[in-house]
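Read through the structure below, which is laid out as structure tokens, and then see the notes.
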There are 2 protein chains.
Amino acid sequence: MDQKLADTILNELEELILDGTFENGERLDEVTLAKRFGVSRTPVREALQKLVLAGLVEQQPRRGAFVRQPGPVELIEMFEVMAELEASCARFAASRISDEALDELRAANQRCQAAVEANDADRYYEENEVFHKIIYRQSGNGLLEQEALRLHRRLKPFRRVQLRLRGRMRQSMAEHLEIVEALTRADANAAAEALRAHVAVQGEKFHHLAATFKTSAA
Amino acid sequence: MDQKLADTILNELEELILDGTFENGERLDEVTLAKRFGVSRTPVREALQKLVLAGLVEQQPRRGAFVRQPGPVELIEMFEVMAELEASCARFAASRISDEALDELRAANQRCQAAVEANDADRYYEENEVFHKIIYRQSGNGLLEQEALRLHRRLKPFRRVQLRLRGRMRQSMAEHLEIVEALTRADANAAAEALRAHVAVQGEKFHHLAATFKTSAA
DNA sequence: GTCAAACATTTTGTATACAGGAATGTTGAT
DNA sequence: ATCAACATTCCTGTATACAAAATGTTTGAC
């Protein structure tokens, strides 16, 4: 039924960090967490180790583990890499995508369109995710797919924000259509370029938004 | 001075796996490893967890940890992703590389040339690594650099083999020159394309070599 | 009053002890 | 002889105990 205790702790902790429940530099005390989850320190330590590997937590020897929310620079870097990874997925997918997957892509896109017309940002967000994940999968490269999913997940909280921008959903839709078209033509370069631009715009929009929001220091 | 025990174990284990000291499906018994390294099970477990995250070890719940050498399919996938990552590095580096780094690149290339003329494969291998790592760094994206370094390291044992092929060093050199030229012109697409091809060829050569070597099953 | 040193406290890192599940071997029946 | 059920044993996962290091506090000297 349930997996290892350490894994459940890992998931919960990850959620708590991504949700922003834990502040940025906040210290993650092992015994406190252990008590909070009602387990011993051992599974907590395991979870922390993995979070370090995932980049969510920084560990200083003999000092402890600290939440490590990405700063502006790292966010830009993550969006840049995301754009490159997705471009690569599109490049491969252009020659490898199946007809069924192309249909699924179009279907997802139509659901996106419906969400735009209903002005349903949540719905759009969900279907957009489906759209992108199909392309990851259709890269035909399991490793690339994994890496893309990993970073996608990491960027989730930040990507969501930029949909609030006026007209962003509509623009995003147009970009989707261009991507599908390029994939249909099996034009690897065009597909890669379209997806790269699509994601890069997300990064820029987010950056813009963050700049307007924050008056606090970096 | 010395880091955590668990980290040294991690490094040693990683080395042993990459060196092929441990067979593919080989089981990694915790107590055996603990005795071998003269420590308790705790740091060994930590190291194993991290190796799982790194993809070198597979863990089945309540069953144990097993060495997970990549099969032919995964190797191809890794080389493909490596090519894409390096292409991305080149793309960014084209506009971000410093003049000093360009000089270093040319210098490394000259040392490569010297190694070719001396027919010194080991020397070439080393300088080639320097060459590539400069480009990773000059992508100006720390995350991308890290990812590239990670996969580079993972592919190390497999990349080395293909240098044995007749004329490969000379061909590789020519490709290096093309890369440097594109970077000098700040031509992002050309640089990306050149590096992608350069790495892809490595993958193909390796694949070719593996096919001729192995009569054993996959 | 301030600075420094020693001590106490807290917390990480490691070792060991304990519990439950999986695999293997044995025994009995058909 | 083969198969199945059971018992034993081994190993993983978790808890706890111990050691060392770092931080904070108190006390004493200047």
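Proteins get letters first, then strands, A, B, ... in listed order; numbering begins at 1 in each.
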Inset, instruction - Among A:Ile9, A:Leu56, A:Val67, find the residue that satisfies the side-chain contact (heavy atoms from CB on, under 4.5 Å) test when tested with A:Leu51. - result: A:Leu56
Legend entry - Distance-only side-chain donor-acceptor flag, B:Tyr136 / B:Glu86, under 3.5 Å: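 The criterion, which ignores hydrogens and geometry beyond distance, is satisfied for B:Glu86 and B:Tyr136.
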At a cut-off of 3.5 Å, list every protein nitrogen or oxygen paired with a nitrogen or oxygen from nucleotides 10-15 of chain C, distance to 0.1 Å.
residue	atom	partner	partner atom	Å
C:dT11	O3'	A:Arg27	NH2	3.2
C:dT12	OP1	A:Arg27	NH2	3.1
C:dT12	O2	A:Arg62	NH1	2.8
C:dG13	OP1	A:Arg62	N	3.3
C:dG13	OP2	A:Arg45	NH1	3.2
C:dG13	N7	A:Arg41	NH2	2.9
C:dG13	O6	A:Arg41	NH1	3.1
C:dT14	OP1	B:Leu5	N	2.6
C:dA15	OP2	B:Ser40	N	2.7
C:dA15	OP2	B:Ser40	OG	2.7
C:dA15	O5'	B:Ser40	OG	3.4
C:dA15	N7	B:Thr42	OG1	2.8

Legend entry - Side-chain (A:Gln69) to main-chain (A:Ile17) donor-acceptor, under 3.5 angstrom: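 Between the backbone of A:Ile17 and the side chain of A:Gln69 there is a qualifying donor-acceptor contact (under 3.5 Å).
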Legend entry - B:Glu126 and B:Arg123 ion-paired at < 4.0 Å: no
Inset, instruction - Could you check whether the rings of B:Phe158 and B:Phe206 sit parallel, tilted or perpendicular, using 30° and 60° as the cut-offs? - result: perpendicular
